[in-house]
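All remarks here apply to the structure that follows.
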Amino acid sequence: IVQRYREERGHGLDNLAAITRAGGTASRAVLFSGVAVAIALAGMFIIPFDIFRSLAIGAILVVVAAVAAALTLLPAILSLLGDRVNALPVPLLGRGQPGAGVGTIWSGVIRVVTRRPVLSVGLTTAGLAAVAAFFFTINLGANGIDTFPEDNDFRHALTVVNAQFSDGVSSANIVIEAEADSAGLASAIAALEALLEADPIFGERLVRRSAEAGLTVIVATLTVDPTSAEAEDAIGRLRGSYLPQAFASVEARVLVGGDAAEIIDAVDVVTTYLPLVFAFVLGLSFLLLLVVFRSIVVPIKAVLMNLLSVGAAFGLLVLVFQEGVGTGLLGFQRTPTIEFWIPLFLFSILFGLSMDYHVFMLSRIKERFDETQDNSEAVAFGLGSTGAIITGAALIMVAVFGGFAAGELVFFQQLGFGLGVAIILDATIVRLVLVPAAMELLGARNWYFPSWLEWLPRIQIEGQPLPPPSVPDAPAPSSSGD
């Protein structure tokens with residue numbers, strides 16, 4: 001909004017007219033960008049975990065507050081400041097058009113890319129898809145105490161406990177719901193204890209009974225880290241083999257809890273619901289762009305490109321942390337698993353930010369295309385004029401996410417690296433190469449809108465163009481005789 005205001009002042013509009021023009025164009029883009037981000041965040045409501053829903057509520061409230069301030073407080077501040085918004089220039093950058101140097105760089109790169117659109121689209125798509133393919137080898141789980149720094153007090157305490165108490169500090173909690181006097185219950189429990197006794201992963205057991213509730217609880221300690229593959233395999237044997245064998249002839253309901261079981265179940269829930277989250281976010285984002293830009297091609301391209309950038313970020317996350325590529329150089333830890341909650345959280349944040357960029361860009365491109373009907377010129381103008389905004393926003397976010405990646409805890413490293421690398425990919429390869437090349441390749445077909453969709457409401461994100469500032473007529477020349 002501020003950049004559009006400064007641009008309109010540079011075109012000769014007075015203070016109020018520049019604010020009005022920015023409000024009718026950039027402010028609308030901010031509003032719909034905020035809606036796109038909120039849609040992506042709302043996908044976390046689908047997961048039946050309070051932590052995801054709490055994160056979604058908090059983040060959506062921040063978006064609502066930011067958009068509300070941009071639409072109300074910011075125009076009021078601009079009306080008070082006027083051209084004083086350009087005061088206190090940054091040294092070496094001066095008082096020129098904001099981001100003019102960046103915009104020039106973007107324009108130059110765009111010219112090179114659009115000369116070879118097929119090659120540009122092919123190379124970037126193939127490269128991003130190749131990296132994204134590593135996402136299909138992801139191993140979700142939770143990282144254990146061995147990923148904590150060696151001088152961490154928590155790691156030291158658990159190491160001492162595990163060394164002094166050989167049975168460990170974690171357990172598998174087996175809950176049996178059956179009548180206490182039901183036939184065969186005692187023998188079934190005895191058979192289960194025998195199976196657990198023969199498995200070295202399980203240690204001592206404690207049996208508790210509640211006759212009133214009809215419950216029997218067996219607490220079997222684990223001799224390994226509950227986040228380890230050994231613990232996961234042990235819970236799998238318990239659920240898939242030991243319990244069916246022991247309780248085959250007993251009418252009872254048997255459930256398994258505990259730290260290791262909780263991690264397994266959490267991974268199962270996330271992987272089960274993740275496709276639903278994708279479908280919800282992608283579907284609503286598609287409909288939003290379809291209505292806003294009245295084009296069926298624009299939302300299809302936006303969804304595919306954003307999926308490419310997010311998928312590439314996931315792939316790099318697997319390559320670096322799970323496969324160990326560059327961990328020493330980057331100062332990260334190699335881990336056997338990626339934290340189970342990170343892919344969902346990253347998708348919601350990254351897809352929202354990608355759509356945010358895309359709406360900013362497309363609003364300027366569409367505005368210019370409506371004025372000139374020249375697709376190539378509109379793409380060059382739109383991307384050149386928003387390059388500074390996108391570059392600046394990307395640098396800010398990479399700096400923020402880099403703070404997470406610089407931490408010692410591995411899940412913060414995974415979170416910060418995933419967010420940061422996705423922003424870099426999206427703001428450079430996708431926005432700088434793939435978007436202009438694809439739009440140049442499709443030409444006027446970018447704005448194809450089927451006639452059978454004309455019933456959809458019209459939402460003018462670009463606003464109504466204002467008439468140019470009036471210039472007083474020059475006085476008529478006097479005759480030579482006067």
(request) Indicate yes or no: at least one non-hydrogen side-chain atom of Tyr242 is less than 4.5 angstrom from one of Asp199. (result) yes
(request) Go through the steps to decide whether Val310 and Leu346 satisfy the test side chain to side chain contact (heavy atoms under 4.5 Å, CB included), and finish with yes or no. (result) CA-CA 8 Å; Val310 173; Leu346 256 63; over 6 Å; no
(request) Find the distance between CD1 (Ile39) and CZ (Phe32) and round it off to the nearest 0.5 Å. (result) 10.5 Å
(message) Counting C-beta onward and ignoring hydrogens, is there a side-chain heavy-atom pair between Val270 and Trp341 closer than 4.5 Å?
(response) no
(request) Could you walk me through whether Glu262 and Asn173 pass the side chain to side chain contact (heavy atoms under 4.5 Å, CB included) test, one step at a time? (result) CA-CA 10 Å; Glu262 182 180 350; Asn173 304 322; over 6 Å; no
(request) Please report the closest heavy-atom contact between Thr227 and Ala142, naming both atoms and the distance. (result) CB-O, 3.2 Å
(request) Mind listing the closest non-hydrogen atom pair of Ile365 and Gly382 along with its distance? (result) CG1-CA, 3.7 Å
(message) Which residue in the set Val112, Leu123, Thr124 passes side-chain contact (heavy atoms from CB on, under 4.5 Å) when paired with Val433?
(response) Thr124
(message) Counting neighbours of CZ on Phe247 that are heavy atoms of other residues, nucleotides or ligands and sit closer than 6.0 Å, is the number greater than 12?
(response) yes
(message) How long is the straight-line distance from CG of Leu238 back to CD1 of Ile201, given to the nearest 0.5 Å?
(response) 12.5 Å
(request) Could you point out which residue of Phe332, Phe412, Phe314, Phe411 forms a ring pair (Phe, Tyr, Trp, His ring centres under 6.0 Å) with Phe321? (result) Phe332
(message) Any side-chain to backbone donor/acceptor pair from Arg53 onto Phe45? Under 3.5 Å, distance only.
(response) yes
(message) When you compare the side chain of Leu308 with that of Leu434, does any pair of heavy atoms fall below 4.5 Å?
(response) yes
(message) As an exercise, state the distance from CD of Gln245 to CG of Leu195, rounded to the nearest 0.5 Å.
(response) 5.5 Å
(message) Donor-acceptor pair, distance only, cut-off 3.5 Å: does the side chain of Thr271 make one with the backbone of Asp268?
(response) yes
Under 3.5 Å, which donor-acceptor pairs do the side chains of residues 397-409 form with other protein atoms, sequence neighbours left out?
none

Residues 276-288 side chain polar contacts: donor-acceptor under 3.5 Å, at least two apart:
unit_1: Ser285; atom_1: OG; unit_2: Val281; atom_2: O; d: 2.7

(message) On a heavy-atom basis, which atom in Ala437 and which in Val121 lie closest, and how many Å separate them?
(response) CB-CG2, 3.6 Å
(request) Taking all non-hydrogen atoms of both residues into account, name the closest pair between Phe134 and Gly315 and its distance. (result) CB-O, 3.8 Å
(request) Please confirm whether the backbone N or O of Asn446 pairs with a side-chain atom of Ser295, one donor and one acceptor, at under 3.5 Å? (result) yes
(request) Run the numbers on Leu289 and Val359 for side chain to side chain contact (heavy atoms under 4.5 Å, CB included), then give the verdict. (result) CA-CA 8 Å; Leu289 294 180; Val359 171; 3.9 Å; yes
(request) Have a look at Leu140 and tell me which of Ile342, Ile263, Val267 forms a side-chain contact (heavy atoms from CB on, under 4.5 Å) with it. (result) Val267
(message) Whether the side chain of Gln322 engages the backbone of Asn139 through a donor-acceptor N/O pair (distance < 3.5 Å, no angle test) should be reported.
(response) yes
(message) Show the nearest heavy-atom pair for residues Ser354 and Ser309, with the distance to one decimal.
(response) OG-OG, 3.9 Å
(message) I'd like to know if Arg4 and Glu367 make a salt bridge, using a cut-off of under 4.0 Å between side-chain N and carboxylate O.
(response) yes
(request) Could you tell me whether Glu193 atom CD has more than 12 heavy atoms of other residues or ligands within 6.0 Å of it? (result) yes
(request) Hey, could you give me the CG/CZ distance between Leu192 and Phe202, rounded to the nearest 0.5 Å? (result) 9.0 Å
(request) First locate atom CG of Leu319, then atom CZ of Phe135, and finally report the distance between them rounded to the nearest 0.5 Å. (result) 13.0 Å
(message) Is there a side-chain contact between Ile138 and Thr337 in this structure, where contact means two heavy atoms from C-beta onward sitting under 4.5 Å apart?
(response) no
(message) Taking CZ in Arg116 as the centre, count heavy atoms belonging to other residues, nucleotides or ligands within less than 6.0 Å. Is the count above 12?
(response) no
(request) Check the pair Val113 / Leu432 against side chain to side chain contact (heavy atoms under 4.5 Å, CB included), numbers first and verdict last. (result) CA-CA 8 Å; Val113 167; Leu432 196 60; over 6 Å; no
(message) Which residue is it: Leu215, Val217, Leu185, Val207? I am looking for the one with a side-chain contact (heavy atoms from CB on, under 4.5 Å) to Ile176.
(response) Leu185
(message) Would the distance check show the side chain of Arg294 and the main-chain N or O of Val292 forming a donor-acceptor pair, the cut-off being under 3.5 Å?
(response) no
(message) Looking at every non-hydrogen atom in both residues, tell me the closest pair between Ser363 and Ala29 and how far apart they are.
(response) OG-CB, 3.7 Å
(request) Flag the pair Pro48 / Val269 as yes when at least one side-chain heavy-atom distance between them is below 4.5 Å, and no otherwise. (result) yes
(request) Measure the shortest side-chain to side-chain distance between Leu128 and Val430 over non-hydrogen atoms and say whether it is less than 4.5 angstrom. (result) yes
(request) Would you check if there is a donor-acceptor pair between the side chains of Thr137 and Glu323 at a distance under 3.5 Å? (result) no
(message) Given 3.5 Å as the limit, does a donor-acceptor pair link the side chain of Asp356 with the main chain of Val37, or not?
(response) no
(request) Kindly compute the distance separating CD1 (Ile46) from CZ (Phe52), expressed to the nearest 0.5 Å. (result) 12.5 Å
(request) State, yes or no, whether a side-chain contact exists between Gln414 and Thr335 at a heavy-atom distance under 4.5 Å. (result) yes
(message) I'd like to know if the side chain of Arg239 and the backbone of Val256 have a donor-acceptor N/O pair within less than 3.5 Å.
(response) yes
(request) Flag the pair Val320 / Val421 as yes when at least one side-chain heavy-atom distance between them is below 4.5 Å, and no otherwise. (result) no
